Amino acid sequence: NAKEQGRNTWCFYNDAMDQANTDKFNLLQRIRAAMKSQSFALYYQPKVCLRSQQILGAEALLRWPQDDGSFINPAEVIELAERSGLILELGAWVLQQACIDCQQWRQQGFPDVRVAVNLSPLQFRDGKLQQTLLAALANSGLPATALELELTESLLIDDTQLVQNQLQRLGALGITFAIDDFGTGYSNLGYLRQFNASSLKVDKSFISSLSVSLRDEPLIKAIIQLAKGLELSTVAEGVEDDATMQRLQQWGCDAAQGYLWSKALPAPDFLQYLQQQR
Ligand code: C2E
Ligand code: MG
Ligand code: MG
Ligand code: MG
């Protein structure tokens with residue numbers, strides 16, 4: 001009968017949802033355990049100047065290596081860590097580790113190299129960010145001017161006084177900001193005025209399309225011009241081939257990251273990369 005069927009249908013969806021929730025719950029437990037056993041790693045992807053091909057620094061990217069040599073998708077880990085609040089602890093570790101590794105490279109013959117760290121919006125709303133940052137800088141000896149924080153547009157349009165104040169104070173320390181995945185979020189550009197970022201990172205979805213067609217050419221050029229007008233530098237994400245690099249160079253893009261140079265590397269391998277490229 002209908003009632004019976006209705007209940008079965010409900011049970012079917014419920015089971016499917018239960019399974020998804022159980023998977024997430026298990027992953028969350030494993031994230032907790034991995035934090036305890038220090039199983040996370042921080043890898044570094046070179047950021048390269050398009051004019052000189054000089055390495056400007058690296059972006060720190062979270063990695064969770066598995067026994068079989070694979071990695072769990074960082075975006076998935078970050079998402080769960082954000083939803084559970086674990087991102088505060090994980091993010092603090094990332095900041096600490098990135099500052100330590102960057103200071104090592106600076107002391108081993110690369111005094112100008114910088115590091116960029118991705119920040120979750122939650123870390124901004126926590127209220128302890130400044131304290132965490134100052135501790136990471138003090139413990140590592142890294143100067144604040146060597147640290148860049150990558151923020152998403154969603155944080156910046158969220159024009160709360162708290163966020164604005166934090167950005168102001170951190171900026172005063174000498175920390176710089178990049179707007180990550182630019183062009184994928186909101187089209188309200190007003191926030192760019194209020195907030196003094198130093199660079200825009202053009203999302204890799206626009207960059208990778210260049211190897212297929214030039215449909216996004218006007219869009220990328222417009223972002224580069226917009227950035228120039230606001231005295232921001234532009235960084236292209238996800239550059240994988242020479243033709244794309246040359247186009248970006250011609251259009252006046254300042255810097256780039258991508259597999260054309262290197263994927264993200266463990267800290268000692270990044271140092272080796274710096275030495276080889278010298
Ligand atoms: P993102 O900050 O936009 O980082 C760029 C992503 O593009 C990285 O993915 C990087 O490995 C990938 N990538 C770089 N070059 C290329 C390329 O040439 N081709 C292709 N196909 N991909 C390229 P990843 O490491 O999987 O990270 C994904 C996202 O997870 C990051 O996007 C960032 O939003 C987040 N994330 C990673 N580590 C952290 C972290 O420590 N904290 C926070 N809050 N988020 C993080
Ligand atoms: Mg980033
Ligand atoms: Mg990005
Ligand atoms: Mg991206």
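Atoms within a ligand are numbered from 1 in the order they appear, just like the ligands themselves. These numbers come from a predicted model, not from an experiment.
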| said: Q38 vs W93, test: side-chain hydrogen bond (donor to acceptor under 3.5 Å, both in side chains). Steps then yes/no. | reply: CA-CA 10 Å; Q38 303 186 304; W93 173 78; over 6 Å; no

| N, O or S from E59 under 2.8 Å to the Mg ion (ligand 2) | yes

| request: Kindly confirm or rule out an N or O of N73 lying under 3.5 angstrom from an N or O of ligand 1. | output: no

| Are R51 and D254 ion-paired here, with the side-chain N under 4.0 Å from a carboxylate O? | yes

| task | Examine E150 and say whether one of its N/O/S atoms is closer to the Mg ion (ligand 2) than 2.8 Å. | result | yes

| query | Between P74 and R63, is any pair of side-chain heavy atoms under 4.5 Å apart? | reply | yes

| query | Which of these, I78, T184, D203, has its nearest heavy atom closest to atom 35 (C) of ligand 1? | reply | I78

| request: Take the angle between the ring planes of Y43 and F71 and call it parallel below 30°, perpendicular above 60°, tilted in between. | output: perpendicular

| Sole candidate of D203, L214, L248, T234 that passes side-chain contact (heavy atoms from CB on, under 4.5 Å) when paired with I220 | L248

| remark: the Mg ion (ligand 3) has as its nearest N, O or S atom from E237 the atom OE2

| Pair K47 + E59, salt bridge at N-O below 4.0 Å | no

| message | Check for me whether G91 has a heavy atom closer than 4.0 Å to any atom of ligand 1. | response | no

| Does the ring center of W105 lie less than 6.0 Å from the ring center of F110? | no

| message | Suppose I only count heavy atoms of V239 and a 4.0 Å limit; which atoms of ligand 1 are within that range? | response | 18 (O)

| Do ligand 1 and L119 have nitrogen or oxygen atoms that lie under 3.5 Å from each other? | no

| Hey, is CD on Q108 packed in by over 12 heavy atoms from elsewhere, all under 6.0 Å? | yes

| task | Within a distance under 4.0 Å of any heavy atom of N118, pick out the atoms of ligand 1 and give their elements. | result | 2 (O), 42 (N), 43 (C), 44 (N), 45 (N), 46 (C)

| Which of the atoms of ligand 1 are close to D181, meaning less than 4.0 Å from one of its heavy atoms? | 3 (O)

| query | Between the candidates E237, K204, R63, which shows the shortest non-hydrogen contact distance to atom 6 (C) of ligand 1? | reply | K204

| field | Atom indices of ligand 1, in the order listed, that fall short of 4.0 Å to a heavy atom of G258 | value | 15 (N), 18 (O)

| D181: which N/O/S atom is nearest the Mg ion (ligand 3)? | OD1

| Quick check: are there more than 12 heavy atoms from other residues, nucleotides or ligands sitting under 6.0 Å from CD of Q29? | yes

| said: Looking at ligand 1, would E59 count as a contact under a 4.0 Å heavy-atom criterion? | reply: yes

| field | Donor-acceptor side-chain pairing of Q257 and K201 below 3.5 angstrom | value | yes

| field | Atoms of ligand 1 close to Q45 [distance to a heavy atom under 4.0 angstrom, numbered from 1] | value | 14 (C), 15 (N)

| remark: ligand 1 atoms nearer than 4.0 angstrom to some heavy atom of D180 are 1 (P), 2 (O), 3 (O)

| Ligand-residue contact atoms, ligand 1 with E240, heavy atoms, under 4.0 Å | 17 (C), 18 (O), 19 (N), 20 (C), 21 (N)

| field | Residue-ligand contact K201/ligand 1, heavy atom below 4.0 Å | value | no

| message | Can you tell me if, anywhere in D180, an N/O/S atom lies at a distance from the Mg ion (ligand 3) that is smaller than 2.8 Å? | response | yes

| said: Under the criterion side chain to side chain contact (heavy atoms under 4.5 Å, CB included), I'd like the reasoning laid out for N139 against Q96: C-alpha separation, chi angles, the key distance, then a yes or no. | reply: CA-CA 8 Å; N139 292 339; Q96 178 80 37; 3.4 Å; yes

| With a 4.0 Å heavy-atom cut-off (strictly under), which part of V94 contacts ligand 1: side chain, backbone, both or neither? | side chain

| message | Tell me if the CG atom of D67 is crowded by more than 12 foreign heavy atoms within 6.0 Å. | response | no

